[in-house]
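Everything below concerns the one structure shown next.
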Protein chains: 2
Amino acid sequence: MSQEPSWDLYRTFNAVLSEGSLSGAARALGLTQPSIARHIDALEEAVGAPLFLRTSRGLSPTDAALELRPFAELMASTSAALLRTAEGRSGEVDGTVRISASEVVGIIHLPAILTRLRQRYPRLTIELSLSNAVDDLLKRQADIAIRMVRPEQQTLIAKRVGSFPVGLHAHRDYLARRGTPKSMDDLKHHDIIGYDAETPAIRAFAERHPGLDRASFALRVDSNIAHLTAIRAGFGIGICQTIIADAEPDLQRVLPDAFHEDLETWVVMHEDLSGNTRCRAVFDALVTELTALVRR
Amino acid sequence: MSQEPSWDLYRTFNAVLSEGSLSGAARALGLTQPSIARHIDALEEAVGAPLFLRTSRGLSPTDAALELRPFAELMASTSAALLRTAEGRSGEVDGTVRISASEVVGIIHLPAILTRLRQRYPRLTIELSLSNAVDDLLKRQADIAIRMVRPEQQTLIAKRVGSFPVGLHAHRDYLARRGTPKSMDDLKHHDIIGYDAETPAIRAFAERHPGLDRASFALRVDSNIAHLTAIRAGFGIGICQTIIADAEPDLQRVLPDAFHEDLETWVVMHEDLSGNTRCRAVFDALVTELTALVRR
DNA sequence: CCTGGCTCATATATTTTCGTATAGCATATG
DNA sequence: CATATGCTATACGAAAATATATGAGCCAGG
C-alpha cells in the first residue's frame, strides 16, 4: 500500500454496512451515491480485497468486510466519544454524557436521579444506553456505566455504591389465588417467571439455587423489565429488586429467608474522562444518589 | 456542530501532538504545512475550542487537546489494526501480526519461537511490542498478547500455557565471594536486587515475602532484563525465571525451598480476530511452544 | 550584527474530490 | 406487458482541498 487511506473511508464503510446500499449510505451521511461508490472503490483498493458484492438491489458484504467491521465500528464510537468530550468545555457542567445501565436501573431507578441531575445542571444532556453488555466503556460506547459486576480493567475508575437486594416476589392477587409457598420445594407447584438465555452469570445463579432451573419456569423471558411486568400482572412468582417491590403495595415478598441475593453495584468511568468536569459531576452524582438509594 | 468533521482531522491532530509542530506533522504525514494548518483550524472549529497555542517554534497543546488525545490515539491504533487485519487475506499465513509481551518473554523466550514460526510461514511478518501494559489488545495496539495475569475481559480469547517458575538466583562468583544464604533471614546481609516502582502487583508480592521489601534492596530497577543482567554481573541476589537460570551454568539458585513463585501465563487474542487465519496460526503456535517451554 | 535554519501565516495555482445528470439493470405492481 | 421504483455505473462541470511560493518572526551560531 502506497499511502494510508483516508479515515473517512471507514466511516463510509460503516454506513454502507449498516444501510446495505450505496444510496442508503449516501442518504445517511449526507453525501451522494457516486461519492460513496468512489469511497468503497478506494477502500477496496487500499485493503486489496473486494468488500462487497454489488447487486442491483444493494451491496452485500464479503467475509473480508465482516472481518473489518468491528474495527470500523470502534473508530465510529471513538469519534463520537471524542466529540462528546469536546462538547461544552466551558468549565461549567454542560454538554452530553452517555450512560450505560441495565434496563431495570435505567427504567426504574435512574429517571428520578436524572431529573434531579438535570435540575441541578440545566444545560446537561443525558444519553441513556440500556443493555447488559459490559464492555461499553472500552468500546467508547458510553462515558459512564452502572454495572453489577466488579470491573477488572485497570484503565477504569470504579466506585462501589453497595448492593441491591433481590428476592422472590408475587402480586397479592396471585398469592390469594394460589397460596403462599412455605418452602423452596413448594415452588414446584407455582408458576415461576424465569430466564431464557444461558449466560455464564445465569448459570452461576442456577447453581446457587437448584430449585430454580430452566425446566421449572412457566414463563421464560430475558428482559428484567418484562419480568417485573409479569409479576405485577399476577402471572406468577419472579425475581425482582426488593427496593422496587417495597414501593408497590400490591407486590409481596415470597420466601424472604430461603431466597435472597445481593447485586453488587458499581459506577464506572474510563480514566481518560476523570479530568472532564461534566463526566466527573455526573459520576459523583450517580455515586451519591445510588448509594443513598441502596442504603434506604 | 453542523456536520461531523472529517476523521482525517484526527489523524492530523495526532501527528501535530506527537511532532509538536505543523511542519513536522506535514513531514510525517506526507502533506504540506498549510494543509495541516487548515486541518487544525477546522478541528478547532468543530470542537469549539482552541487546541494549540501557536508559537514561532511550534505548537503546544492546550488542556482540551490533551483531553482529546486518548481518543485520537485509539482511532489511530484501530486504523492500524484494521489495515493489519486486511493484509494478506489469501488464506495463507502471510501479512503482519503484532505481539505484545513482557520484556523478559520478548527478549529471552520469543526469539527462538519466532524463528521457528518464521521458518514455517516465510511470508509472515512479526511486530513485537515489549511492555508490561495489559490493555494493549483493547486499545488495538496488538493482535496477540502474552500476559502474566488472567484476562477478565469477555471479548478476549485466552489460553493458559502453564506457569513460569521464578526464584532467587545469583552468579557463582558472587556466592563464592559472599557465601550462600541458608535462610531468608540471611538475606539481610546480602546485596539484593529489587524493584523500584510500587505497582499493585509488586505490593502484593511484597506482602507474600516480608523479607524482600523496598528498604532492603541494594539495587532498585524496574526492568526485569536489567535485573537479569545485574544477576549475571554478580551484583547480588535477584529474582529471575528458573528456566533462564537453568540454561546458564554460572547462575545458581538460592533458597529454592524458602522462595518460589509461579507466574501464570496466558496467550490472549481479541475475539474479533478469531477468524483470521494469520492470527489464529500465530496464536496456536505461541500456545504450543510456550506450553512446551514451561513443561520442560 | 548578521546569517541560516527553523517556525507559522498568507496568497495563488493546481489537483483532487464532490455533486449533478443520465444511462442501464433488476424487481415489484398493476 | 408496461410502468414505477429501487439500485449501481459513468461522464462532466463545479467546488473544495491541496501544493507551491513567499513573507515574517524567532533563535542559535559565527
Side-chain angles (χ1 to χ4, degrees), chain A residues 1-47 49-66 69 72 75 79, chain B residues 1-47 49-66 68-69 72 75-76 79:
Chain A
M1 123 198 63
S2 54
Q3 175 100 4
E4 191 189 359
S6 163
W7 287 4
D8 286 339
L9 301 187
Y10 305 136
R11 174 166 55 186
T12 302
F13 175 62
N14 266 328
V16 174
L17 275 171
S18 59
E19 298 293 327
S21 75
L22 298 179
S23 332
R27 283 189 293 272
L29 293 177
L31 297 175
T32 57
Q33 173 259 325
S35 293
I36 304 296
R38 278 186 290 259
H39 284 186
I40 297 300
D41 288 345
L43 189 58
E44 288 180 330
E45 171 73 18
V47 304
L51 294 172
F52 295 95
L53 299 175
R54 275 87 167 162
T55 77
S56 60
R57 59 178 193 290
L59 274 69
S60 71
T62 63
D63 287 348
L66 295 177
R69 179 172 203 170
M75 290 195 74
S79 165
Chain B
M1 122 197 66
S2 55
Q3 176 99 2
E4 192 189 358
S6 164
W7 288 4
D8 286 340
L9 301 188
Y10 305 136
R11 173 166 58 186
T12 303
F13 175 63
N14 264 328
V16 174
L17 275 171
S18 60
E19 298 293 328
S21 74
L22 298 179
S23 341
R27 283 189 293 273
L29 293 177
L31 297 175
T32 58
Q33 171 258 322
S35 293
I36 303 297
R38 278 186 292 264
H39 284 187
I40 297 301
D41 288 346
L43 189 58
E44 289 180 329
E45 172 74 18
V47 304
L51 294 171
F52 295 96
L53 298 175
R54 275 85 167 164
T55 76
S56 61
R57 55 177 194 291
L59 273 68
S60 71
T62 63
D63 288 347
L66 295 177
L68 300 182
R69 180 171 202 170
M75 290 194 73
S79 164

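Each chain gets a letter, A, B and so on, in the order its sequence line appears, and its residues count up from 1.
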Whole angstroms only, please: what is the [atom1]-[atom2] distance between [X] and [N]?
X       : N      : atom1 : atom2 : value
A:His39 : C:dG19 : NE2   : C1'   : 12 Å
B:Arg57 : D:dA28 : CZ    : P     : 8 Å
A:Glu19 : D:dT8  : CD    : P     : 11 Å
B:Arg38 : D:dA19 : CZ    : P     : 8 Å
B:Glu45 : D:dA17 : CD    : P     : 13 Å
A:Leu51 : D:dT8  : CG    : C1'   : 17 Å
B:Ile36 : C:dA9  : CD1   : P     : 13 Å
A:Leu53 : C:dA26 : CG    : C1'   : 16 Å

Quiz item: At their closest point, which heavy atom of B:Ala25 faces which heavy atom of B:Ile36, and how far apart are they?
Solution: CB-CG2, 4.0 Å

Practice problem: Flag yes if more than 12 heavy atoms outside A:Asp41 fall under 6.0 Å of its CG atom; otherwise flag no. | Solution: yes

Donor-acceptor pair, distance only, cut-off 3.5 Å: does the side chain of [X] make one with the backbone of [Y]?
X       : Y       : value
A:Asp8  : B:Ser6  : no
A:Thr62 : A:Pro50 : yes
A:Ser35 : A:Leu31 : no
B:Gln33 : B:Leu22 : no

Quiz prompt | Close approaches to DNA chain C from residues 20-34 of chain B, in residue order (heavy atom, under 4.0 Å) | solution = B:Ser21, B:Leu22, B:Ser23, B:Arg27, B:Gln33, B:Pro34

Quiz item: Between C:dA9, D:dA9, D:dT18, which nucleotide gets closest to the side-chain atoms of B:Arg54?
Solution: C:dA9

